[in-house]
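Reviewing the structure listed below.
Here the structure is a predicted model, which means the values were calculated and not measured.
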Amino acid sequence: MTTSSSERGVSLGMPELPAPAYPDDVRARLETDAREIIARYPDSRSALLPLLHLVQSEEGHVTRTGMQFCADMLGLTTAEVTAVATFYTMYRRRPSGDYQVGVCTNTLCAVMGGDAIFESLQEHLGVGNGETTEDGKVTLEHIECNAACDFAPVVMVNWEFFDNQTPASARRLVDDLRAGRPVTPTRGAPLCTFKETARILAGFPDERDGAVAAGGSAGPASLVGLRLAKGETAPARVVHPRDGGPHETPQDRAVHDPSPAEHLSSHDAPQDTSASDPAHPAGPTAEEGE
């Protein structure tokens with residue numbers, strides 16, 4: 001008795017069937033939005049990135065139907081669209097959660113505790129990298145540098161910052177997200193769902209009350225170069241020796257006695273606090289340009 005190739009799990013390399021079309025009402029709505037996006041560019045194919053965000057805002061990830069829609073609107077092949085959609089990690093290729101929780105595991109965040117946070121969240125949520133919890137609320141992933149090194153270790157939720165995290169604060173964060181409790185980013189606009197975020201990234205206005213006015217700022221360490229460029233100087237900070245030995249200070253130099261809440265040097269271990277933890281509030285950060 002022989003078995004067929006399908007029964008043996010052997011692929012004959014048959015082409016996939018065409019992607020199913022959007023329902024007529026959905027396609028009509030998306031076409032209206034797509035034409036608005038395309039009109040912003042002198043070359044229509046330049047609109048591909050925001051169009052991919054647009055279709056992602058419809059289904060929560062970029063489907064074959066979404067890529068076919070982009071190809072139709074821009075006169076491209078599906079191969080051209082797929083090449084772009086698979087290159088950029090912000091486009092999800094499979095269903096994902098309402099909240100994309102990304103833990104920075106690049107060098108500084110990793111050293112400051114990012115690896116420990118990511119490992120803790122994997123165990124706490126019972127998911128691996130790029131996987132989604134069973135309730136469809138949280139997708140966990142490790143991500144590269146978020147350009148917020150002076151707030152390390154950093155966690156992002158739908159691209160909003162949660163600074164100075166610890167394993168404990170990160171676990172509380174995902175628990176609140178899954179329970180539907182209010183969650184406020186350390187900096188930036190209030191949280192919205194991943195689909196809503198994708199529509200904003202497609203170039204459409206954020207119509208939530210107060211969302212546009214809300215904004216983050218760079219941390220003091222990030223603004224040092226700007227202040228120096230503007231000719232501003234700050235009192236010199238003298239750090240006491242770690243061994244507690246004798247220490248000479250020039251008389252004309254301001255001496256800074258670090259408080260217990262401050263790091264004595266870049267070699268000290270991270271503090272077990274979180275700027276986004278109400279029980280351990282961080283001080284105000286300087287506004288950019290001040």
Side-chain angles (χ1 to χ4, degrees), residues 53 56-57 59-62 89-201 206 208 211 214 216 219 269-282:
H53 283 300
Q56 184 159 254
S57 74
E59 300 177 86
H61 65 295
V62 177
T89 59
M90 290 181 73
Y91 302 120
R92 312 304 186 194
R93 297 300 311 286
R94 57 185 178 181
S96 56
D98 293 333
Y99 300 101
Q100 308 285 315
V101 176
V103 182
C104 182
T105 54
N106 214 327
T107 306
L108 182 58
C109 276
V111 170
M112 296 290 283
D115 284 343
I117 290 172
F118 185 66
E119 182 178 344
S120 176
L121 288 182
Q122 286 189 99
E123 180 179 353
H124 185 65
L125 296 173
V127 298
N129 182 47
E131 295 180 352
T132 303
T133 55
E134 291 183 357
D135 58 9
K137 293 292 186 181
V138 170
T139 297
L140 177 67
E141 63 175 350
H142 70 78
I143 50 181
E144 293 299 318
C145 184
N146 290 303
C149 299
D150 47 335
F151 293 108
V154 173
V155 172
M156 297 194 84
V157 180
N158 293 350
W159 312 113
E160 300 294 350
F161 287 101
F162 290 82
D163 302 324
N164 302 310
Q165 291 293 294
T166 66
S169 67
R171 289 193 299 269
R172 289 196 299 272
L173 171 61
V174 296
D175 285 346
D176 287 344
L177 292 172
R178 298 182 72 185
R181 291 188 284 267
V183 171
T184 304
T186 310
R187 297 173 286 138
L191 276 186
C192 57
T193 66
F194 182 61
K195 288 183 179 181
E196 292 171 319
T197 301
R199 183 169 176 81
I200 295 169
L201 291 174
D206 188 343
R208 296 174 298 151
Q271 300 176 54
D272 191 19
T273 62
S274 167
S276 58
D277 183 351
H280 302 92

How many angstroms lie between [atom1] in [X] and [atom2] in [Y], if you round to the nearest 0.5 Å?
X      : Y      : atom1 : atom2 : answer
Leu177 : Lys137 : CG    : NZ    : 9.5 Å
Met156 : Phe162 : CE    : CZ    : 9.5 Å
Arg171 : Glu123 : CZ    : CD    : 8.5 Å
Ser169 : Asn164 : OG    : CG    : 9.0 Å
Asp115 : Cys104 : CG    : SG    : 9.5 Å
Tyr99  : Thr193 : OH    : OG1   : 7.0 Å

Does the side chain of [X] reach to within under 4.5 Å of the side chain of [Y], using non-hydrogen atoms?
X      : Y      : value
Phe118 : Asn129 : yes
Val138 : Arg178 : yes
Val157 : Val183 : no
Gln56  : Leu201 : no

For this session: Check the pair Asp175 / His124 against side chain to side chain contact (heavy atoms under 4.5 Å, CB included), numbers first and verdict last.
Result: CA-CA 9 Å; Asp175 285 346; His124 185 65; 2.8 Å; yes
Problem set entry | Residue that, paired with Val101, satisfies side-chain contact (heavy atoms from CB on, under 4.5 Å) out of Ile143, Thr133, Val174, Val127 |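 For Val101, the side-chain contact (heavy atoms from CB on, under 4.5 Å) test succeeds with only one of Ile143, Thr133, Val174, Val127, which is Val174.
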Taking all non-hydrogen atoms of both residues into account, name the closest pair between [X] and [Y] and its distance.
X      : Y      : value
Ala170 : Ile117 : CB-CG2, 3.7 Å
Arg92  : Ser96  : CG-OG, 3.8 Å
Ala152 : Leu108 : CB-CG, 4.1 Å
Gly114 : Pro153 : N-CB, 3.8 Å
Val154 : Ala148 : CG2-O, 3.6 Å

Between [X] (side chain) and [Y] (backbone), is there a donor-acceptor pair under 3.5 Å?
X      : Y      : value
Asp206 : Ile200 : no
Ser57  : Ala198 : no
Gln165 : Asp163 : yes
Asn158 : Cys192 : yes

Problem set entry | His142 atom NE2, over 12 foreign heavy atoms within 6.0 Å |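 Count not over threshold, so no.
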